[in-house]
Amino acid sequence: MVDAAVSNTAWATSAGSSPAPGTRPPFSTVKAIAKTRPEPGVEIIEVPEPSVRPGHVKIRLEAASVCGTDLHIHTWDAWAASRIKPPRIIGHEFCGTIVEVGEGVTDRAVGDFVSSESHIVCGTCRQCELGQGHVCVNTQILGVDVDGGFAPYVVIPSDNARPTDRSVPVEIAAFQDALGNAVHTAMAGPLTDQTVLITGMGPIGLFAVSVCKAAGAARVIATEISPYRIDLAHQVGVDLVLSPKDGDVAARLAQEVPGGVDATLEMSGHPSSLALAVEATRPGGRISLLGLYGEPRQSVDINSIIFKGIDVNGIVGRKIWQTWDQMAALLQSGRLNLKPVITHKMHYTEFQRAMELMKAGQAGKVVFTFEA
Ligand SMILES: [Zn+2]
Ligand SMILES: [Zn+2]
């Protein structure tokens, strides 16, 4: 469906060359944040403003946000080193206005306000044909496999530009890709009148608190160790936060919810949270796993899962496009309390400062602006 292999890396050769004195460059250039070499760090570079292509739209950015994935790319960990082929403009969470539509695009128009879905799916594999595009085997990711949105203009496949109601503030519209992870995880099972345990209060965990409350959960309990994040959890309306610093979390949970919680959303990627999920979830409940583990092989008590008849589901990305529809309805309802998660706003060229804040664990969501 998408010629994602054409990843507008033409700038790689032109970016470094400057025009001869007295001549105008043949194109206007913009500042972008890019991984230019296979090593830690990212740079601000001048690149040609991208041109629209068939099946794509050109977006003028209004806001973007930083994801943990961007931090992995910045630090150049094993995953980033194996996946990313520099040079690459990074950034996959953004929103803006369509300024140009490419040939063949009929369902998007100039002036549409849109937000990024970072997964470019093929539309032809078995999963895509069955409506399971979130697990498309040919998925390419904006800002990872093709150029992303930490630049004033971006060109992406029209399907990946999700129409968003103008009533949604730009600083929230920007991170719907991440909010969609929380919606997908929370809505992978029932929520109404349920007691939900959410392990890990990173931005997606915090979003999930708000989603569960908005969707009618009876009680939302979180685990988190960082005082900074515990404070944010209270601001988004969590009912109770249990910190491992204050003693045995499993024992305290058993006291609080004697029969076990109805659902656990595992968002920490911490091995102890996986064990806690199995222990704390009631028979017939569900565990939805979103957090990724540094070590993929984990030992869990499988017999407990079987004897308790727990539904375990792995969550990746956002359902295409059910999650987006659910998210739009939640945003329209006015019941999501997301603003406390936005802890910093800065110009996108201040990327280094954003990275430092995130590395220090002193940020919820960092939102970028693009004013000249
Ligand atoms: Zn992300
Ligand atoms: Zn596919």
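All ligand and atom numbering here is 1-based and tracks the order in the structure.
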Does Lys58 form a salt bridge (Lys or Arg N to Asp or Glu O under 4.0 Å) with Glu49? I'd like the steps, not just the answer.
CA-CA 10 Å; Lys58 179 171 173 176; Glu49 197 178 298; 2.7 Å; yes
Less than 4.0 Å between a side-chain N and a carboxylate O, is that true for Asp325 and Lys319?
no
If the Zn ion (ligand 2) is the vertex, what is the angle to SG of Cys125 and SG of Cys122, rounded to 10 degrees?
110°
Degrees at the Zn ion (ligand 1) between the NE2 atom of His92 and the SG atom of Cys67, nearest 10°
110°
Between Arg37 and Glu43, is there a side-chain N and carboxylate O pair less than 4.0 Å apart?
yes
Apex the Zn ion (ligand 2) - arms SG from Cys128 and SG from Cys136 - angle rounded to 10°
100°
Charged N to carboxylate O below 4.0 Å: is that the case for Arg166 and Glu62?
yes
Could you pull out the atom name of the N/O/S atom in Glu93 that is nearest the Zn ion (ligand 1)?
OE2
